[in-house]
There are 2 protein chains.
Amino acid sequence: MNALFKTLNDPTRRAILELLREQPRTAGEIAEHFQFSKPTISHHLDLLRQAELVTSDKQGQFVTYTLNMTVMDELLSWLLQFKPSNDTSANL
Amino acid sequence: MNALFKTLNDPTRRAILELLREQPRTAGEIAEHFQFSKPTISHHLDLLRQAELVTSDKQGQFVTYTLNMTVMDELLSWLLQFKPSNDTSANL
DNA sequence: TAGGTATTTAGACAAATATCTAATTATTTC
DNA sequence: GAAATAATTAGATATTTGTCTAAATACCTA
């Protein structure tokens with residue numbers, strides 16, 4: 001929970017997740033979308049991977065990053081505990 | 001969104017929210033649940049109030065804090081954008 | 001009004017974090 | 001094998017943040 005919030009607490013990392021929502025992309029493609037240096041983006045990708053919000057797959061020189069939403073269900077559960085009057089078994 | 005994540009990115013503040021989930025409490029009551037000094041808790045409460053995650057009401061010398069979940073719906077919406085296959089109109 | 005209680009404000013400080021440049025590793029291609 | 005490309009690692013630095021103690025403010029009560 002702590003690690004998840006910590007990882008999501010950065011606008012660049014959240015923007016990366018939103019990018020990957022569309023489709024998997026290589027580190028370079030992701031970096032192109034931002035003004036930060038490649039090492040900076042690489043670092044953000046590393047943190048996202050550590051938090052298991054993305055997975056990475058190396059093919060030759062390219063590393064493709066893919067969104068992994070399973071961990072976010074944790075966050076969803078945490079959120080829903082504050083909405084006790086609702087059906088928490090709703091199709092999420 | 002940024003402010004919301006920033007505010008939630010602290011285990012003490014999240015624990016305060018969980019405390020207030022049960023019932024409103026005064027600053028002193030909240031502080032009793034933690035090992036931190038009262039000024040530290042007061043500061044956390046201030047940040048929670050700024051993020052509109054809680055409201056405060058002063059009655060005499062006591063300041064009572066109450067959970068305000070309306071802002072969290074923003075977070076919920078953000079989360080659900082990553083779950084496109086689901087019914088986002090579910091009863092939340 | 002004096003003393004006590006509840007809470008916040010002010011100011012300092014250590015730890016965490018986001019960023020950068022330079023260097024390194026790994027891979028492809030000529 | 002040398003050069004080029006993709007990506008990461010290493011190390012430095014400025015900013016942000018969570019915490020503390022001390023002081024201030026506000027309120028209550030005798």
Side-chain angles (χ1 to χ4, degrees), chain A residues 1-20 22-68 71 75 78, chain B residues 1-20 22-68 71 75 78:
Chain A
M1 204 73 250
N2 226 321
L4 183 54
F5 272 109
K6 189 175 294 190
T7 305
L8 291 175
N9 184 33
D10 182 275
T12 304
R13 286 196 289 273
R14 291 197 302 275
I16 290 172
L17 292 179
E18 286 165 24
L19 252 183
L20 294 181
E22 302 161 15
Q23 61 190 285
R25 294 182 200 265
T26 66
E29 286 169 348
I30 294 166
E32 278 174 13
H33 286 80
F34 300 93
Q35 306 239 308
F36 301 117
S37 68
K38 281 183 183 176
T40 292
I41 299 300
S42 184
H43 180 233
H44 283 310
L45 289 169
D46 185 38
L47 294 175
L48 287 168
R49 196 162 37 72
Q50 280 180 50
E52 296 182 65
L53 285 162
V54 303
T55 57
S56 66
D57 177 50
K58 181 163 187 173
Q59 298 274 6
Q61 350 170 231
F62 296 86
V63 177
T64 298
Y65 286 86
T66 305
L67 190 61
N68 172 25
V71 188
L75 178 54
W78 183 83
Chain B
M1 202 74 253
N2 226 322
L4 182 54
F5 272 109
K6 189 175 294 193
T7 306
L8 291 175
N9 184 32
D10 181 276
T12 303
R13 287 195 289 274
R14 291 196 303 274
I16 290 173
L17 292 179
E18 286 165 23
L19 253 181
L20 295 180
E22 302 161 15
Q23 60 189 286
R25 296 182 199 266
T26 66
E29 286 168 347
I30 294 167
E32 279 173 13
H33 285 79
F34 300 93
Q35 305 240 311
F36 300 117
S37 69
K38 280 182 184 177
T40 292
I41 299 300
S42 184
H43 180 233
H44 283 310
L45 289 170
D46 186 39
L47 294 175
L48 287 168
R49 195 162 38 71
Q50 280 179 49
E52 296 182 65
L53 285 162
V54 303
T55 57
S56 65
D57 177 51
K58 180 162 187 173
Q59 296 275 6
Q61 349 171 232
F62 296 87
V63 178
T64 298
Y65 286 87
T66 304
L67 190 60
N68 171 26
V71 188
L75 178 54
W78 184 82

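Just so it is clear: chains get the letters A, B, ... in the order the sequence lines come, proteins before strands, and each one is counted from 1.
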So what does B/Y65 hit on the nucleic acid, given a heavy-atom distance under 4.0 Å: a base, only sugar-phosphate, or nothing? sugar-phosphate

Where does the chain B footprint on DNA chain D start and end, counting 5' to 3' with a 4.0 Å heavy-atom cut-off? D/dT17 to D/dC28

Supply the atom-to-atom distance [X] [atom1] to [Y] [atom2], rounded to the nearest 0.5 angstrom.
X: B/T66; Y: B/L53; atom1: OG1; atom2: CG; value: 13.0 Å
X: A/E22; Y: A/L67; atom1: CD; atom2: CG; value: 11.0 Å
X: A/L45; Y: A/H43; atom1: CG; atom2: NE2; value: 10.5 Å
X: B/N9; Y: B/L4; atom1: CG; atom2: CG; value: 11.0 Å
X: A/T12; Y: A/Q35; atom1: OG1; atom2: CD; value: 10.5 Å
X: B/R14; Y: A/F5; atom1: CZ; atom2: CZ; value: 5.0 Å

I need a per-nucleotide contact map over nucleotides 16-26 of chain C, read 5' to 3'. Cutoff is protein heavy atoms under 4.0 Å; write B for the base, S for backbone only, - otherwise. -SSBBBB---S

Please list residues of residues 23-31 of chain B whose heavy atoms come under 4.0 Å from any atom in DNA chain C, ordered by number; otherwise none. B/T26, B/A27, B/G28

Under 3.5 Å donor-acceptor, [X] side chain and [Y] backbone:
X: A/R25; Y: A/I30; answer: no
X: B/T40; Y: B/F36; answer: no
X: A/R13; Y: A/L8; answer: no

Atom pair distance, as rounded to whole Å: CG in B/L45 and P in C/dA6: 16 Å

Length of the CD-C1' vector between A/Q59 and C/dT27, whole Å: 13 Å

Give the minimum heavy-atom separation between B/L20 and B/Y65, together with the two atoms involved. CD2-O, 3.5 Å

